[in-house]
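Single-structure report; data block below.
Counting convention: from 1, in listed order, for ligands and their atoms alike.
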Amino acid sequence: MKPLLLLLILSWCRWTKADTPANCTFEDVKGEWIFYETERTGDYKINCDNMGQVVHKMNVKLLFPNVAEDQYGNRGTWTMVYNQGFEVKISGRSFFAFSYYEKTGDDVISMCDKTFTGWSRDVTIRNWACYRAQKKESLPPKTYKLMLMANEHSAYKYNKAFIRSINEVQSNWVADVYPEYELMNMMDHLRRAGGRASKIIHGARATQANFVARLRDMSLPQSWDWRNVSGINYVSPVRNQGSCGSCYAFASMAALEARVRILTNNNLQPVFAPQDVVGCSKLSQGCEGGFPFLIAGRYAQDVGVVEEQCSPYEGKDDTCRTDTHCGRHYTAYYRYVGGYYGACNEEEMKLALVKGGPLAVGLEVYDDFLHYKGGIYHHTGLMDKFNPLELTNHAVLLVGYGADEATGEKYWSVKNSWGENWGEGGYFRIRRGTDECAIESLAVEVVPIP
Ligand SMILES: *[C@@H]1O[C@H](CO)[C@@H](O)[C@H](O)[C@H]1NC(C)=O
Ligand SMILES: *[C@@H]1O[C@H](CO)[C@@H](O)[C@H](O)[C@H]1NC(C)=O
């Protein structure tokens, strides 16, 4: 490889849709940081590919569980953004940057004591600067091997024996064949189930609900479904992401769409454009994956989303083709359910769901999930030996909860983005209360401005 090309890939691969995020933990990031900012004169179009001259310097302590404190003692909040970076809100400004990493061959080296260049802006979103952060205490670099799927290019093979065994070992849910899977290769399946950028996320788990949440939870209805609240449906139609790892964009748009319907009593029913996110957002990895907190949340607040006709879905992330004449729609408020990353659980999710509307949630996808046709899903532990799929983190939309009348088994009702022919009309139900496939660990709530 030519040195210049290598250099370009090393330094700016993120903005050409890198698929290998950093892997930083709360423990890595907690502590004292120096924040560097350029002159605060930009707007949301600011280009922070290069940092530019540092004008502001600020000391910020990031404390347990979500308290940020500057050198004057002013307090704010912070959260990890999955294991990819962290967001800090303090003294009227909001800061976000991805944690730093380098990629050499198959090795990804996370340097969790510094960030890439990111963005800072004031709470009015008028006044922007480029920002990066450096931890005062240095941390040893952490290396992980990029494990590319060996069978990426192999075609998917029909495996009736696998489906039969899923249906034999349990009776809570039914597996079936989807003939269209044979038209896809294993890479398509990997993308459809979350994409490479999502693979590194495992480890998020639900926490115990606190006393107040448990108490408030007791006053909620036994079941809830935003598709039928006293006969009225507030959820937009199911879509199909195809074989681009854009689930996070579909889940994000679906959350905004449903909540606009709820806030306007169904008077406004926009359909928002995942393509604008996949093609244009610097807060995601395009067709290789991304995360709803950064899209339904930060992107929709900072840059805004557009309606489908302004950027019709192509399932490709090569360029940004959004019609610049289109108006943009914004998010007023966003947060991880529970208040910050790592504070999620069943009770907080039910409360946020019933109070505000559908939530974007994460879900670990195993081989058996691909064949879900109906019932209350749980992972059987069975693997498809013909078509082994690596564990990914899919993003979907939580719309309701209930319990099976006959068995009493509790479930969540969830909208997927694999078309209407998949599952129960494009939806699935999944076991509730046991953090099944980490579904109670990563919920995001947003409040759009209708
Ligand atoms: C990411 O970091 C966590 C905690 O240090 C570790 O358990 C996990 O295995 C790492 N992931 C990868 C893919 O190396
Ligand atoms: C909505 O729920 C009510 C009460 O559970 C039920 O009677 C009705 O058939 C449902 N409507 C639709 C469209 O599913």
Inter- and intrachain pairs under side chain to side chain donor-acceptor pair (under 3.5 Å), touching residues 261-279, at least two apart: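 For residues 261-279: N266-Q269, D276-Y299, D276-T322, D276-R328.
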
If you draw a 6.0 Å radius around CD in Q309, do more than 12 non-hydrogen atoms from other residues or ligands fall strictly inside?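 Atom CD in Q309 is crowded, with more than 12 foreign heavy atoms closer than 6.0 Å.
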
Should we say atom NZ of K61 is surrounded by more than 12 heavy atoms from elsewhere, each under 6.0 Å from it?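 12 or below, so no.
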
Considering only heavy atoms from C-beta outward, does the side chain of H371 approach that of Y181 to under 4.5 Å?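 Side chain of H371 against side chain of Y181, heavy atoms only: contact under 4.5 Å found.
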
May I have the list of side-chain donor-acceptor pairs in residues 355-363 shorter than 3.5 Å, sequence neighbours left out?
none

Applying side chain to side chain contact (heavy atoms under 4.5 Å, CB included), can you list everything that pairs with K316, at least two apart in sequence or on another chain?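 So K316 forms a side chain to side chain contact (heavy atoms under 4.5 Å, CB included) with E314, D318, R321.
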
Under the side-chain contact (heavy atoms from CB on, under 4.5 Å) criterion, do F428 and F369 qualify, and how do the steps go? CA-CA 10 Å; F428 63 98; F369 183 76; 3.8 Å; yes

Would you check whether N23 has a nitrogen or oxygen atom less than 3.5 angstrom from a nitrogen or oxygen atom of ligand 1?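 Indeed, backbone or side chain, N23 has an N or O that close.
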
Checking side-chain polar atoms at under 3.5 Å, does T104 have a donor or acceptor matched by the opposite partner on D107?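 No, no side-chain donor-acceptor pair sits under 3.5 Å.
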
Kindly tell me which protein residues have any non-hydrogen atom under 4.0 angstrom away from an atom of ligand 2, grouped by chain and ordered by number?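 Lining ligand 2 at under 4.0 Å, by heavy atoms, one finds N228.
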
Heavy atom of K145, distance to ligand 1 below 4.0 Å: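 So K145 does not count as touching ligand 1.
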
Looking only at heavy atoms, is any part of T25 under 4.0 Å from ligand 1, and if so is it the side chain, the backbone, or both, or is it neither?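 The answer is the side chain of T25.
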
Within ligand 1, which atoms have a heavy atom of K142 less than 4.0 Å away?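 Those of ligand 1 that fall under 4.0 Å from K142 are 5 (O).
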
